[in-house]
Structures are given as C-alpha cells and as structure tokens.
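All ligand and atom numbering here is 1-based and tracks the order in the structure. Since we're looking at a predicted model, the values are computed, not measured.
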Amino acid sequence: MPIRPMNFADIPAVLQIQAELSFQDWNERQYEQEIKAPYTYAVVYEKDGAICGYAVFHLLGADSELLSIAVSESAQRNGIGSKLLQAGLSQLELEKSDCCFLEVRENNLKARRFYENHGFTLFGIRKKYYSDGENAALYRTENRSDIDPSKKGV
Ligand SMILES: CC(C)(COP(=O)(O)OP(=O)(O)OC[C@H]1O[C@@H](n2cnc3c(N)ncnc32)[C@H](O)[C@@H]1OP(=O)(O)O)[C@@H](O)C(=O)NCCC(=O)NCCS
C-alpha cells in the first residue's frame, strides 16, 4: 500500500511539494507538531521510494477537518489525491466521526472541483480569510447522522 503514516524523515519531501505548489506556508516545526499530535492523521503517498503526495487531517469527532492535501504537479490527475482523501475519510469513519470540514481559497478551482467530486458541499464563504485578502470557501461532508436516524442512537 503506497499510503503510510507521515514521519519526521518525510518532512523535507513534504516541504518540497508544498514549495512547488505554493499553496500553504507551514514550516518544518508545524509538520513535526502535527505528526506528534494524538488527534492528527497525517499520511504520505510513496511510489518507488519517492513521496509524491500527502494529507493532514484532524480527527476531532464532529469537528474533524482536512487541513492539507497535495500531490506533486507531475503526479497529479492519476488518482493519488483521491486515494489520500479516501484514506482520511475512512479513518474518520473508523473513529465514528461522520463529518469533515475544510477551507480552501475561493480561487482554487482545481481543488474545489476535486472536493466537490468527493462529496464535499459548499456551506459558506469567509470573507478576506487569507492574509492576502482572498476569501475562503468552506466545505463539509454530509453529516450522515442527519440523514440516517440509526446513527443518532434513537
Ligand atoms: C487537489 C489535488 C490534491 C488533487 O490531486 P490529484 O492527485 O490530481 O487528484 P486525483 O487525480 O485523485 O483527482 C483529480 C480530480 O481533481 C480535479 N482536478 C485536478 N486537476 C484539475 C485541473 N487542472 N482542472 C480541473 N480539475 C482538476 C478534477 O476533479 C479531477 O478529476 P478528473 O481527473 O476526473 O477530472 C491536487 O490538484 C493538488 O495537489 N493541488 C495543489 C494543492 C492544493 O491546492 N491543495 C488543496 C488545498 S489544501
């Protein structure tokens, strides 16, 4: 299975993908903290010894969140992002968390299409959320307990 937990030795490769795509500015320490946090689910996609993608989730019950997902440019559109996303959503399900939130730059249409194709629904826009003034588009997965009464324990 090419998807495995992220470890400290992966951070340089992860930072390289982040820099290549210029979509986020986390530093080494932030990734270290994420790896150490008990509520974080951080994974990488490794192929032929090279890291070509990663994802970071916070598994916090009803407040679970996808913080970051990226696939290096040359490896995109091969289903790797979908596999990383699915791995996190499966983990969420295992931990009985039935909802996942995320925010993404309003102009990042590529990622927004990707999320919408994977069942995320737009539920709001946060004005001037990013330091450069760009709005954030807020997405969430369907909360299955809203539609499946058996999950409400009634
Ligand atoms: C979003 C991202 C993770 C998708 O990874 P990926 O490995 O290409 O995803 P997949 O191959 O599994 O799925 C591709 C889907 O994403 C969308 N997509 C990817 N590239 C796209 C493009 N250039 N234009 C429009 N849609 C695009 C489409 O829905 C596409 O499905 P399709 O190929 O059937 O049309 C990747 O594009 C990426 O790393 N982007 C830069 C980082 C980023 O913006 N992350 C999200 C913010 S945290």
Side-chain angles (χ1 to χ4, degrees), residues 1-7 9-37 39-95 97-143:
M1 178 71 169
I3 295 180
R4 60 164 176 78
M6 185 187 292
N7 58 52
D10 298 321
I11 295 175
V14 164
L15 287 172
Q16 204 174 325
I17 294 174
Q18 182 187 267
E20 176 201 341
L21 300 171
S22 331
F23 74 104
Q24 206 166 27
D25 59 356
W26 287 10
N27 58 34
E28 184 175 359
R29 205 169 129 69
Q30 281 168 292
Y31 282 104
E32 280 173 5
Q33 283 170 344
E34 290 298 340
I35 290 170
K36 281 193 254 173
Y39 49 79
T40 297
Y41 178 76
V43 284
V44 294
Y45 188 101
E46 184 172 16
K47 193 167 177 238
D48 301 328
I51 307 294
C52 42
Y54 64 92
V56 180
F57 292 77
H58 280 178
L59 305 183
L60 293 166
D63 292 323
S64 291
E65 193 178 355
L66 169 58
L67 282 96
S68 184
I69 184 164
V71 174
S72 68
E73 192 95 54
S74 61
Q76 286 181 11
R77 297 204 101 153
N78 287 311
I80 294 173
S82 299
K83 287 185 182 131
L84 286 163
L85 184 60
Q86 203 44 58
L89 294 179
S90 300
Q91 194 63 28
L92 241 91
E93 209 160 299
L94 275 178
E95 306 209 1
S97 166
D98 56 5
C99 188
C100 184
F101 292 87
L102 66 84
E103 67 228 0
V104 58
R105 284 178 177 269
E106 192 175 26
N107 292 336
N108 190 348
L109 299 181
K110 188 158 106 171
R112 290 182 62 179
R113 173 135 178 246
F114 170 76
Y115 295 135
E116 285 162 10
N117 285 348
H118 287 86
F120 281 81
T121 309
L122 180 71
F123 71 94
I125 297 289
R126 194 167 284 157
K127 295 277 181 202
K128 299 187 176 168
Y129 178 74
Y130 295 98
S131 53
D132 59 3
E134 189 175 340
N135 297 339
L138 309 178
Y139 282 88
R140 54 171 284 177
T141 53
E142 200 59 51
N143 184 334

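Residues L21 and Q76 form a side-chain contact, since some pair of their non-hydrogen atoms from C-beta on lies under 4.5 Å apart.
The side-chain contact (heavy atoms from CB on, under 4.5 Å) test applied to T121 returns E142, not counting sequence neighbours. For E134, the side chain to side chain donor-acceptor pair (under 3.5 Å) criterion is met by R105, not counting sequence neighbours.
Each of L122, N108, T141, I69 was scored for a side-chain contact (heavy atoms from CB on, under 4.5 Å) with Y115, with one residue passing: I69.
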Solution key, residues 48-61 side-chain donor-acceptor pairs under 3.5 Å, sequence neighbours excluded:
from: Y54; atom 1: OH; to: Y31; atom 2: OH; distance (Å): 3.2
from: H58; atom 1: NE2; to: E34; atom 2: OE1; distance (Å): 2.8
from: H58; atom 1: NE2; to: E34; atom 2: OE2; distance (Å): 3.4

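A donor-acceptor pair is defined here as one N or O able to donate and one able to accept, closer than 3.5 Å; such a pair exists between the side chain of D10 and the backbone of N7.
Protein residues having at least one heavy atom under 4.0 Å from any atom of ligand 1 are L21, F23, I69, A70, V71, Q76, R77, N78, G79, I80, G81, S82, N108, K110, A111, R113, F114, Y115, N117, listed by chain and number.
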